[in-house]
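Naming: A, B, ... by sequence-line order, numbering from 1 per chain.
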Number of protein chains: 2
Amino acid sequence: MPTALEKARQAPDSMKARILTAARKLFGDYGYHGVTTRMIAQEVGIDISTLHYHWGEKQDLYEAVLTDLSDEIRTKLVEIEGLVHGKPLEVRLEVAIDVMCDHLFNNSDSAHLMLFSHFAKNRITTELDAHFTRHLANIAVAMGLAPDKAHVPPQANARVLAVWNSVVNFAAGEDLFRPILNVDRQAYLAVVKETLKFILLPAFTRKAPQA
Amino acid sequence: MPTALEKARQAPDSMKARILTAARKLFGDYGYHGVTTRMIAQEVGIDISTLHYHWGEKQDLYEAVLTDLSDEIRTKLVEIEGLVHGKPLEVRLEVAIDVMCDHLFNNSDSAHLMLFSHFAKNRITTELDAHFTRHLANIAVAMGLAPDKAHVPPQANARVLAVWNSVVNFAAGEDLFRPILNVDRQAYLAVVKETLKFILLPAFTRKAPQA
DNA sequence: ATTTGATTCCATCATTTGATGGACATCATC
DNA sequence: GATGATGTCCATCAAATGATGGAATCAAAT
């Protein structure tokens, strides 16, 4: 039973998929309330009716975008886990930072969407919160911060969140941060990776935890 | 020449100040496009006309909110600098984390507004970006990452940003993160402080920087 | 008491926005 | 070629939204 979303992904040039892509970009740029159905339709070059025909209400389309995003993140985390399986924690962290940075810098929509969906008080999508919680639990286990997915102490989740947010912020904030750093795109990506490793590696890899 | 904003702050019960406070809360909750002038007026218990009479266009009111926020942050940073003057870096960081966390957790509007204003593509307020840049430069100098405010290398700004964003994220994301950690408000604040220190202190206080 | 200025609300407008009904087109199947 | 299903657009609606004009209210000064 392929969902409408899966079908859309199977045919990336289908109208339904094109609408989803445009919606994702615009919602990422301006947030839910900052985007009108007419903006999305115009981005695709179609009439509003066509948009409603494929996706129903604006709210439904937005939720489809977030579901799509959640799937994308899950896929990426699985990919990372495959890359670093069995490696020591320091390597795992380095690779995870590199891969997630590369991905989010090439898909800044994703980073923006994540911020909007997490921090806006809109917050209708309780199902996606469960996915996010699972993602965090998986990372916590992978980092050796929790014995298993079902028993993740608050401290472990908090540490994973700190790492996660750091990466997402630098990706989503490029428009503001890069002019401040006064570097080009490539240098920004390099500085961000270096900074994240500078901040995160010592905390998680030192031999004797303090206090 | 006291600005309208300063006058409003001098009389916190004035209509103008009450409108500003309500606007700040609502813009923080729902973002610029998610708030209508009617919502703000209703929150204050007045007519829309009264709102426009005092603050003009919606856009002007929003910019006043952001200016107010910028002043608040500057004040807080000065306060912190006074508290830790002359202390070693480790103490500076700990105090800064404690004070900023306490402040932002008691003023979550501020944290939300900061996120919205930094990451939304709206981004009209170029003057406030300059203030933010100055704040970062001051912190960089205070942390010994730059020789003076005029010469802050990209790496230094990036590190300050990493610290800054971490604090703001935990404050703004309480609604989503606290249920995930499954703790009450007080415990959340404690875990966040502990986590931030766990992450940040080793990076900036170790004796022999790696790589 | 009158004047003056500041403040607030009511009524209203023009535009925007989400959404829908129905006409037209395309195309596979019979 | 007729038929039905699918997809697209045009015209339009009702509600929401930003904004304003003008009347009413109030307080202080004259």
Side-chain angles (χ1 to χ4, degrees), chain A residues 2-27 29-66 116 120-122 124-125, chain B residues 2-27 29-66 116 120-122 124-125:
Chain A
T3 68
L5 188 66
E6 288 165 344
K7 276 201 280 187
R9 193 176 298 115
Q10 283 167 11
D13 283 343
S14 72
M15 181 56 70
K16 194 160 185 177
R18 285 171 55 202
I19 296 173
L20 190 69
T21 301
R24 187 186 175 120
K25 165 171 161 28
L26 288 171
F27 282 135
D29 282 351
Y30 305 109
Y32 179 75
H33 293 290
V35 176
T36 68
T37 53
R38 280 169 176 80
M39 286 169 67
I40 302 173
Q42 186 173 19
E43 174 87 10
V44 183
I46 58 171
D47 188 88
I48 335 167
S49 302
T50 305
L51 187 151
H52 282 97
Y53 173 78
H54 285 286
W55 288 105
E57 297 185 1
K58 179 187 178 186
Q59 180 79 38
D60 295 336
L61 175 55
Y62 183 66
E63 289 177 8
V65 167
L66 292 189
F116 281 133
K121 216 141 199 166
N122 216 3
I124 344 164
T125 58
Chain B
T3 66
L5 188 66
E6 288 165 346
K7 275 201 278 187
R9 194 176 297 117
Q10 284 166 11
D13 284 341
S14 71
M15 180 56 69
K16 194 159 184 176
R18 286 170 55 202
I19 296 173
L20 189 70
T21 301
R24 187 184 173 122
K25 167 172 162 21
L26 288 171
F27 281 136
D29 282 351
Y30 305 109
Y32 179 75
H33 293 290
V35 176
T36 68
T37 54
R38 281 170 176 79
M39 287 169 66
I40 302 173
Q42 185 173 18
E43 173 89 8
V44 183
I46 57 171
D47 188 89
I48 335 168
S49 302
T50 306
L51 187 151
H52 281 97
Y53 171 78
H54 285 286
W55 287 106
E57 297 183 2
K58 178 187 178 185
Q59 178 80 38
D60 295 335
L61 174 55
Y62 184 66
E63 288 178 7
V65 167
L66 291 189
F116 282 135
K121 216 140 198 165
N122 216 2
I124 345 162
T125 58

| Base-pairing mate for D:dT30 - Watson-Crick or G-U, with both contacts under 3.5 Å | C:dA1

Pull out every protein N or O sitting under 3.5 Å from an N or O of nucleotides 4-8 of chain C, one pair per line with the distance.
| residue | atom | partner | partner atom | Å |
| --- | --- | --- | --- | --- |
| C:dT7 | OP2 | B:Tyr53 | OH | 2.8 |
| C:dT8 | OP2 | B:His54 | NE2 | 2.5 |

| said: Measuring only between side-chain heavy atoms, which start at C-beta, is A:Phe27 closer than 4.5 Å to A:Phe116? | reply: no

| query | Can you find a heavy atom in the side chain of A:Val35 that is under 4.5 Å from one in the side chain of A:Tyr30? | reply | yes

| Length of the line joining B:Met39:CE and D:dA19:P, which is rounded to integer Å | 16 Å

| query | Is A:Arg24 close to A:Thr21 at the side-chain level, that is, under 4.5 Å between some pair of heavy atoms? | reply | no

| task | Test the B:Lys58-B:Tyr32 pair against the cation-pi criterion, namely NZ or CZ under 6.0 angstrom from the six-membered ring centroid and within 45° of the ring axis. | result | yes

| Is B:Val35 touching bases, backbone alone, or none of the nucleic acid, heavy atoms closer than 4.0 Å? | sugar-phosphate

| query | Any side-chain heavy atom of B:Leu61 sitting closer than 4.5 Å to one from B:Leu20? | reply | yes

| request: Find the distance B:Gln42:CD to C:dC10:P and express it as a whole number of Å. | output: 13 Å

| message | Output the rounded distance in Å from NE2 (A:His52) to P (D:dC13). | response | 18 Å

| For B:Ile40 and D:dA19, what is the distance between atoms CD1 and C1' respectively, to the nearest whole Å? | 14 Å

| query | Which heavy atom in B:Val44 sits nearest to a heavy atom in B:Arg18, and how many Å separate them? | reply | O-NH2, 3.2 Å

| field | Separation of D:dG7 P from A:Leu51 CG (nearest whole Å) | value | 14 Å

| task | Rounded off to whole Å, could you give me the NZ-to-P distance for the B:Lys58 and D:dA16 pair? | result | 16 Å

| Nucleotide D:dT17, atom C1' - distance to CD of B:Gln59 in whole Å | 15 Å

| remark: To the nearest angstrom, the CD1-P distance between A:Ile48 and C:dG22 comes to 18 Å

